[in-house]
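Both backbone and side-chain heavy atoms feed into the values below; hydrogens, waters and symmetry mates do not. Every chain is numbered from 1 and lettered A, B, ... according to where its sequence line falls, protein lines coming before strand lines.
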Amino acid sequence: MRFSRMHLPTLKEVPAEAEVISHRLMLRAGMIRRLAAGIYSYLPFGLLALRNVEAIVRQEMNRAGAQEVLLPAVQPAELWQESERWDFYGKELLRFKDRHQRDFCFGPTHEEVITDLIRNEVRSYRQLPLNLYQVQTKFRDEIRPRFGLMRGREFIMKDGYSFDVDDAAATLSYKSMREAYTRIFSRCGLNFRAVEADSGAIGGNFSHEFVVLADSGEDAIASCTECDYAANIEKAQSKFIEVSVLESEGDSEPANAVATPDCQSIDEVAAFFKVSPTAIAKSMIFETDLGFCMVVVPGDREVNEFKVKAALGANWLEIPTPGRVADELGLPVGYLGPLDVDIPVLVDRQVPYMGVMICGANREGYHLQGIRWGRDFSSGQIADLVQVRAGEPCPHCGAALQIDRGIEVGHIFKLGTKYSEKLNATFLDQDGQEKHMVMGCYGIGVGRTVAAAIEQNHDDNGICFPYAIAPFKAALLNLDLKSEEVTAFCEKLYQELLERGITVLYDDRNERPGVKFKDADLLGIPVRLTLGRKGFKRGIIEVKLRNSSTSQEFALDDLKPLYSLFDKLQADDSRI
RNA sequence: CGGGAUGUGGCUCAGCCUGGUAGAGCACUGCGUUCGGGACGCAGGGGUCGGAGGUUCAAAUCCUCUCAUCCCGACCA
């Protein structure tokens with residue numbers, strides 16, 4: 001492509017709307033433009049990167065035996081009502097009516113549609129397994145879209161669905177997708193982790209997220225520094241180490257209420273009693289579909305709401321406002337404690353080992369001192385309810401856990417029979433028995449993968465595209481357009497590179513050299529070829545890799561070494 | 001939905017407090033010079049100051065409402 005003819009509007013200044021690096025660079029590099037909050041157009045340069053990721057995704061999905069389909073983006077409400085997600089999915093589902101006042105939605109995901117398709121086609125175990133995928137535009141009406149392509153409302157997703165005869169077979173499908181995803185993200189040049197994750201609204205019973213490590217990521221993951229354990233912070237556990245409790249301490253002192261005016265937070269209470277937060281039992285009220293409950297954890301720990309939800313078996317969970325807690329339960333937030341409450345109490349597994357502790361008195365302005373587990377309170381379910389911290393022991397091997405931030409680019413789920421039961425997708429097995437298909441679903445945020453790649457591969461001057469997804473593999477900078485011999489050579493080289501299948505952005509613009517260098521860096525094209533009058537006279541062309549600080553010179557009369565450089569880059573890239 | 005902020009040529013912003021002829025830089029058009037890290041000179045074109053209403057002799061500026069966007073939180077493949 002000739003730069004002079006390409007619609008590639010690079011920006012010197014960062015548009016005010018962009019905060020995170022990938023968003024800024026994608027705007028500056030002329031890859032995307034915003035239409036509305038969370039809704040973006042892809043410009044030619046951005047689309048080339050997107051297509052490159054898609055190509056890798058297709059290759060690896062096909063290699064894993066999946067077949068591409070294209071399902072409708074607009075879906076009838078009936079299907080969603082049948083799966084009972086029409087109500088459950090909430091406001092994120094973009095709903096609308098057609099001219100006949102029939103309800104439709106713009107698909108945020110396609111479990112319903114694919115299951116409907118398959119239940120009408122597949123009757124026999126002989127037709128299974130099946131794995132179908134598509135690359136398509138999704139719409140989720142996110143509460144807060146942000147960070148450009150990172151969390152858009154309209155976005156391009158690869159979603160795939162597998163159908164198997166039983167759980168063992170479904171596990172094989174899942175494993176094969178896990179391998180395919182590992183290959184995909186490796187080929188995209190990303191530093192990522194596959195981590196255990198919560199299944200969320202999709203449902204099902206087992207899932208892994210593929211998280212690209214980046215400080216700007218919205219997700220936190222815990223991973224072991226020794227073994228291969230890694231989990232989303234929502235799901236992450238640590239090995240529990242029992243500590244001995246000093247039995248004598250505090251036994252003689254019965255619990256007593258102390259006036260603690262204006263001490264509502266753990267820090268304030270700790271300061272008041274001149275103790276560590278670890279000596280305070282932190283009590284919080286949660287409201288779920290099963291009713292209210294109280295959760296008690298050590299004062300220095302954060303409650304992990306996903307663990308609370310799992311421990312209760314609840315579908316949803318939220319923290320009620322202090323006003324609501326007062327109205328419904330008559331309890332004063334800030335002075336809560338587990339003694340004498342008439343709602344279920346969940347106790348973190350560490351609480352019984354806290355020894356003598358302080359907790360709220362359930363009375364405005366008072367805390368209780370000298371509280372002991374087993375003596376003053378003991379009711380309640382005991383579970384692991386807190387968020388893991390860096391340095392805690394790995395649940396598998398006991399080595400230290402580390403916490404990293406990252407961007408979720410892919411998520412795979414074992415769905416089991418959740419959707420096949422709801423939508424009655426069955427087949428006859430070998431014995432003539434009717435059975436529900438066992439499903440899995442597998443998503444990749446394609447645009448988000450591009451953004452994550454930029455987030456992970458950039459410097460002060462701009463993007464440093466991994467070779468595999470670079471919109472152009474080479475940038476050819478003609479610094480002396482007016483020199484006929486330089487231009488003639490550039491034209492020849494440009495054509496030769498194209499003939500060799502190397503995509504080139506030929507900068508033939510009537511611009512000063514500085515502009516061309518700046519743009520080449522900003523655009524992050526892996527190989528930069530620079531030819532000017534001086535170099536031409538010396539018979540050399542300058543070759544610089546975007547991710548290297550040094551350049552090398554190649555003889556103009558023998559370009560074989562240059563072509564082998566591209567061969568090598570290409571080979572490294574497809575080595576996975 | 002709660003909290004914070006911002007809307008002024010294509011982009012980045014000043015002007016607003018203290019009402020009185022809409023500005024700068026970049027970008028764009030033409031001419032000339034320049035030409036290996038975002039050049040310079042001269043001459044140009046381009047703005048319902050997000051929208052509506054109000055106050056006023058007079059509103060980008062003050063008031064009310066509204067829309068949009070961004071950030072934090074809650075939420076979420």
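Rounded to whole angstrom, the span from the CG atom of A:Leu11 across to the P atom of B:rG25 amounts to 20 Å. A:Phe413 has its CZ atom 7 Å from the P atom of B:rA77, to the nearest Å. Note: CD (A:Glu553) to P (B:rG36) measures 16 Å, nearest angstrom. What separates CG of A:Asn510 from C1' of B:rC35 is a distance of 10 Å, to the nearest Å. Taking atom CD of residue A:Glu19 and atom P of nucleotide B:rU6, one finds them 15 Å apart after rounding to whole Å. A:Met150 has its CE atom 15 Å from the C1' atom of B:rC71, to the nearest Å. Computed from coordinates, the A:Glu234 CD to B:rA74 P distance equals 12 Å when rounded to whole Å. Atom-to-atom, CZ of A:Arg509 to C1' of B:rC35 comes out at 14 Å; the value is rounded to the nearest Å.
B:rG25 and B:rC11 make up a base pair, with Watson-Crick or G-U wobble contacts both under 3.5 Å. B:rG45: no Watson-Crick or G-U partner with both key distances under 3.5 Å is found in any strand. With a 3.5 Å ceiling on both atom-pair distances, the Watson-Crick or G-U wobble partner of B:rU69 is B:rA5. In this structure B:rA77 sits in no base pair that meets the Watson-Crick or G-U test at under 3.5 Å. Nucleotide B:rC40 is matched to B:rG32 when pairs are restricted to Watson-Crick or G-U wobble geometry with both distances under 3.5 angstrom. Under the Watson-Crick and G-U wobble criteria, each requiring two contacts below 3.5 Å, nucleotide B:rA60 is left unpaired.
For B:rG38, its base sits under 3.5 Å from the side chain of A:Asp519 at one donor and acceptor pair at least. Checked by distance alone, A:Glu511 brings no side-chain donor or acceptor within 3.5 Å of a matching partner on the base of B:rG38. Judged by distance alone, with hydrogens and angles left aside, A:Arg512 brings a side-chain donor or acceptor within reach of the base of B:rU34, the pair sitting under 3.5 Å.
For A:His208 and A:Tyr442, the ring centers sit 6.0 Å or farther from each other. Ring to ring, A:Phe106 and A:Phe96 are not that close: their centroids are 6.0 angstrom or more apart.
At the phosphate of B:rC76, neither OP1 nor OP2 sits under 4.0 Å from any side-chain N or O atom of A:Arg144. Between A:Lys12 and the phosphate of B:rA27, there is a side-chain N or O to OP1/OP2 separation shorter than 4.0 Å.
In this structure, A:Glu511 does not pair ionically with A:Lys516, as no charged nitrogen and carboxylate oxygen lie closer than 4.0 Å. Taking a cutoff of 4.0 Å between a charged side-chain nitrogen and a carboxylate oxygen, A:Asp141 and A:Arg153 qualify as a salt bridge. Taking 4.0 Å as the cut-off between side-chain N and carboxylate O, A:Asp519 and A:Arg509 count as a salt-bridged pair. The pair A:Arg183-A:Glu179 fails the salt-bridge criterion, with no side-chain N (NZ, NE, NH1 or NH2) lying under 4.0 Å from an Asp/Glu carboxylate O.
Aromatic ring orientation, A:Phe210 versus A:Phe185: tilted (interplanar angle from 30° to 60°).
Comparing atom distances between the A:Lys534 side chain and each of B:rC70, B:rG36, B:rC75 picks out B:rG36 as nearest. Comparing B:rA39, B:rC75, B:rU34 by their nearest atom to the side chain of A:Lys482 picks out B:rU34. Residue A:Arg34 has its side chain nearest to B:rC70 when only B:rG38, B:rC70, B:rC75 are considered. Closest contact between the side chain of A:Lys518 and the listed nucleotides B:rG36, B:rG38, B:rC72 involves B:rG38. Checking B:rA77, B:rC70, B:rG36 against the side-chain heavy atoms of A:Tyr40 singles out B:rC70 as nearest. Among the nucleotides B:rA39, B:rC35, B:rC75, the one closest to the side chain of A:Val515 is B:rA39.
Residue A:Ile444 is in base contact, counting any heavy-atom pair closer than 4.0 Å across all strands shown. Across all strands, A:Arg151 comes closer than 4.0 Å to base atoms (heavy-atom distances). Looking at heavy-atom distances under 4.0 Å, A:Arg528 makes contact with a base. In this structure, A:Gly90 reaches neither bases nor backbone, as no heavy-atom distance under 4.0 Å exists between it and the strands shown. Across all strands shown, A:Glu305 has heavy atoms under 4.0 Å from sugar-phosphate atoms exclusively, and none from any base. In this structure, A:Phe147 reaches the sugar-phosphate backbone alone: every heavy-atom distance under 4.0 Å involves primed, P, OP1 or OP2 atoms, never a base. Nucleic acid contact for A:Arg28: base, since at least one base atom lies under 4.0 Å from a heavy atom of the residue.
If you take atom P in B:rA60 and the same atom in B:rC67, they sit 23 Å apart, rounded to whole Å. Here, B:rG51 and B:rG32 have their P atoms 41 Å apart, quoted to the whole Å. Taking atom P in both B:rC49 and B:rU61, the straight-line distance is 9 Å, to the nearest Å. Spacing of C1' atoms, B:rC11 relative to B:rA59, comes out at 27 Å, to the nearest Å.
Here the side chain of A:Lys307 pairs a donor or acceptor atom with the backbone of A:Ala236 at under 3.5 angstrom.
Qualifying ring-ring contact (aromatic ring centres under 6.0 Å, His included) partners for A:Phe286, counting only residues two or more places apart in sequence or in other chains: none.
Place A:Ile156 and A:Lys516 on RNA chain B by their nearest nucleotides, and A:Lys516 ends up nearer the 5' end. Between A:Glu542 and A:Ile319, the residue anchored nearer the 5' end of RNA chain B, judged by the nucleotide with its closest heavy atom, is A:Glu542.
Around atom CG of A:Asp215, no more than 12 heavy atoms belonging to other residues, nucleotides or ligands sit under 6.0 Å away.
Sorted by first and then second residue, the salt bridge (Lys or Arg N to Asp or Glu O under 4.0 Å) pairs involving residues 21-47 of chain A (not counting sequence neighbours) are A:Glu17-A:Arg34.
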I'd like a list of close polar pairs between nucleotides 12-14 of chain B and the protein, N/O only, cut-off under 3.5 Å.
{"residue": "B:rU12", "atom": "OP1", "partner": "A:Ala16", "partner atom": "N", "Å": "2.6"}
{"residue": "B:rU12", "atom": "O2'", "partner": "A:Glu13", "partner atom": "OE2", "Å": "3.3"}

